[in-house]
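Worksheet for the structure shown next.
In listed order, ligands and their atoms are each counted from 1.
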Amino acid sequence: MTKERITREIVQTMDQKDSLSHFKSEFYTQDDHYYMDGNSLGLLSKRAEAAVLTSLQDWKEQGIDGWTEGKEPWFYMSEKIGEMTAPLIGAEPEEVINTGSITANLHQLLATFYKPEGNRTKILADSLNFPSDIYALQSQIEQKGLKHEEQLIQVESKDGYTLKEDNIIAQMDERTAVLLLPSVLYRSGQLLDMKRLTEEAHKRGIIVGFDLAHSIGAIPHQLHEWNVDFAVWCTYKYLNSGPGGVGGLFVHEKHLGQKPGLAGWFSSKKEKQFDMEHTLTHSETASAFQMGTPHILSSAPLVGSLEMFNEAGIETIRSKSLQMTRLLMNLIHQELSDFGFQIMNPLEDERRGGHVSLVHPEAASICKALKSEGVTPDYRSPNVIRLAPIALYSSFEDVYEMIGILKKLMTEEKHKQFKNERGIIA
Ligand SMILES: Cc1ncc(COP(=O)(O)O)c(C=O)c1O
Ligand SMILES: Nc1c(O)cccc1C(=O)C[C@H](N)C(=O)O
């Protein structure tokens with residue numbers, strides 16, 4: 001931690017040096033409001049809005065011809081977004097497609113890659129992953145006529161927040177068919193060593209998949225180079241596609257050409273799709289893992305949003321995000337040491353994602369009090385406050401202001417006015 005006292009002047013200097021600061025005006029942010037929840041639902045940008053309006057205009061003016069003749073033809077939009085996403089995850093364009101949701105894509109890729117055979121029947125996961133991933137794993141095991149209680153192995157966490165890569169590797173063996181892990185854990189923000197885990201799993205003949213929900217748009221990846229077999233993600237968090245925005249998937253080139261586990265007419269080769277044959281000629285790219293008609297109005301925002309990510313560059317985004325979360329942690333030490341907060345995310349740059357995870361016994365009431373004071377944090381049961389300053393639309397001074405607000409409300413015990421229990425979502 002730094003020794004120098006952090007002042008407003010210091011953070012203002014950081015803002016002056018920030019090469020990404022101009023992006024803030026491209027987002028709908030509110031004055032005197034500090035939005036720290038972009039790790040759950042990112043904010044709307046003007047470019048994303050314009051992209052949706054383009055698709056609406058195409059529909060208005062062209063009706064069905066919008067599929068091929070629109071300004072942004074709908075028939076090719078999922079592939080275009082896949083190409084735009086590829087640089088963020090270190091993929092070849094044909095390895096990526098914009099489709100589905102994390103849960104739907106997990107079902108698709110498990111239906112494709114989970115092939116229990118002989119003794120190799122188990123799926124290795126962890127005990128801290130988001131519930132939807134675990135439900136998908138359980139039901140895919142059941143789909144194969146097996147019992148998930150016997151086949152799903154969930155690596156335990158010693159502290160209830162983080163995982164040790166060594167413990168995960170220790171559980172990989174010749175009975176493991178698939179390994180599925182989050183890149184960044186949704187509560188603690190721990191970033192797992194995807195490269196090492198993939199290498200170790202492959203040595204043992206295991207197929208490797210990652211859920212990139214909490215890393216895509218915040219952290220660079222090298223999925224192709226690391227030889228990851230598949231990955232899934234959502235786009236409504238760091239990629240700012242809006243509520244229910246269409247997700248994405250990656251399938252390594254070495255598996256392309258394989259038949260999708262769950263086929264539909266959008267799995268087709270584009271030039272064959274409208275032949276309407278009952279024998280599927282599936283695409284040879286990640287497009288094959290689509291099923292039905294793409295959700296154009298929930299994909300379109302990405303055409304605008306990803307343009308900004310590619311202009312900014314994911315390495316620059318990561319570097320600012322690390323600087324912001326480092327500042328946030330330093331300010332917590334400087335300003336909040338009397339109030340019983342504990343930082344649960346790993347402190348090292350290479351082990352933490354885009355959010356800071358603060359544990360406090362009164363986390364729920366503190367989050368409600370923060371909201372009443374113009375800060376949007378994110379609460380996760382039972383005691384976690386997640387705070388995510390976002391590289392494209394948060395400033396260093398926002399982080400400074402937000403900690404000032406938190407300190408004031410803790411000093412005045414304003415959170416005591418709120419029930420220490422979760423609302424419907426947070
Ligand atoms: C790690 C993780 N997996 C899965 C999900 C659910 O994804 P979806 O609702 O897009 O299927 C979320 C968030 O909602 C998540 O954070
Ligand atoms: N997907 C969400 C939704 O449909 C409603 C509210 C929140 C969400 C989220 O994304 C939660 C998020 N995955 C989390 O990490 O908690």
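The contact shell of ligand 1, taken as protein residues with any non-hydrogen atom closer than 4.0 angstrom, comprises Ser101, Ile102, Thr103, Phe130, Asp133, Asp211, Ala213, His214, Tyr236, Lys237.
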Identify the protein atoms, limited to N or O, that lie within less than 3.5 Å of an N or O atom of ligand 2, and list each pair with its distance to 0.1 Å.
| from | atom 1 | to | atom 2 | distance (Å) |
| --- | --- | --- | --- | --- |
| ligand 2 | 1 (N) | Tyr236 | OH | 3.2 |
| ligand 2 | 10 (O) | Lys237 | NZ | 2.9 |
| ligand 2 | 13 (N) | Lys237 | NZ | 2.4 |
| ligand 2 | 15 (O) | His214 | NE2 | 3.1 |
| ligand 2 | 15 (O) | Arg386 | NH1 | 2.9 |
| ligand 2 | 15 (O) | Arg386 | NH2 | 3.3 |
| ligand 2 | 16 (O) | Arg380 | NE | 2.6 |
| ligand 2 | 16 (O) | Arg380 | NH2 | 2.9 |
| ligand 2 | 16 (O) | Arg386 | NH2 | 3.0 |

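Using cut-offs of 30° and 60° on the angle between ring planes, the pair His252 and His224 is parallel. Using bins of under 30°, 30° to 60° and over 60° for the plane-to-plane angle, the ring pair His355/His214 lands in the perpendicular bin.
Under a cutoff of 6.0 Å and an axis angle of 45°, Lys270 and Phe75 form a cation-pi pair. Geometrically, Lys46 engages Tyr28 in a cation-pi contact defined by less than 6.0 Å to the ring centre and at most 45° from the axis.
Under the 3.5 Å distance criterion, with hydrogens and angles disregarded, no donor-acceptor pair is assigned to the side chains of Asn119 and Thr121.
Salt-bridge annotation for Arg351 and Asp193: absent, with no side-chain N of the basic residue lying under 4.0 Å from a carboxylate O of the acidic one.
The local environment of CH2 in Trp226 is crowded, with over 12 non-hydrogen atoms from other residues, nucleotides or ligands closer than 6.0 Å. Counting heavy atoms of neighbouring residues, nucleotides and ligands inside a 6.0 Å radius, atom NE2 of His255 exceeds 12 of them.
Using a distance-only test at 3.5 Å, with no hydrogens or angles considered, a donor-acceptor pair links the side chain of Thr325 to the main chain of Ser321.
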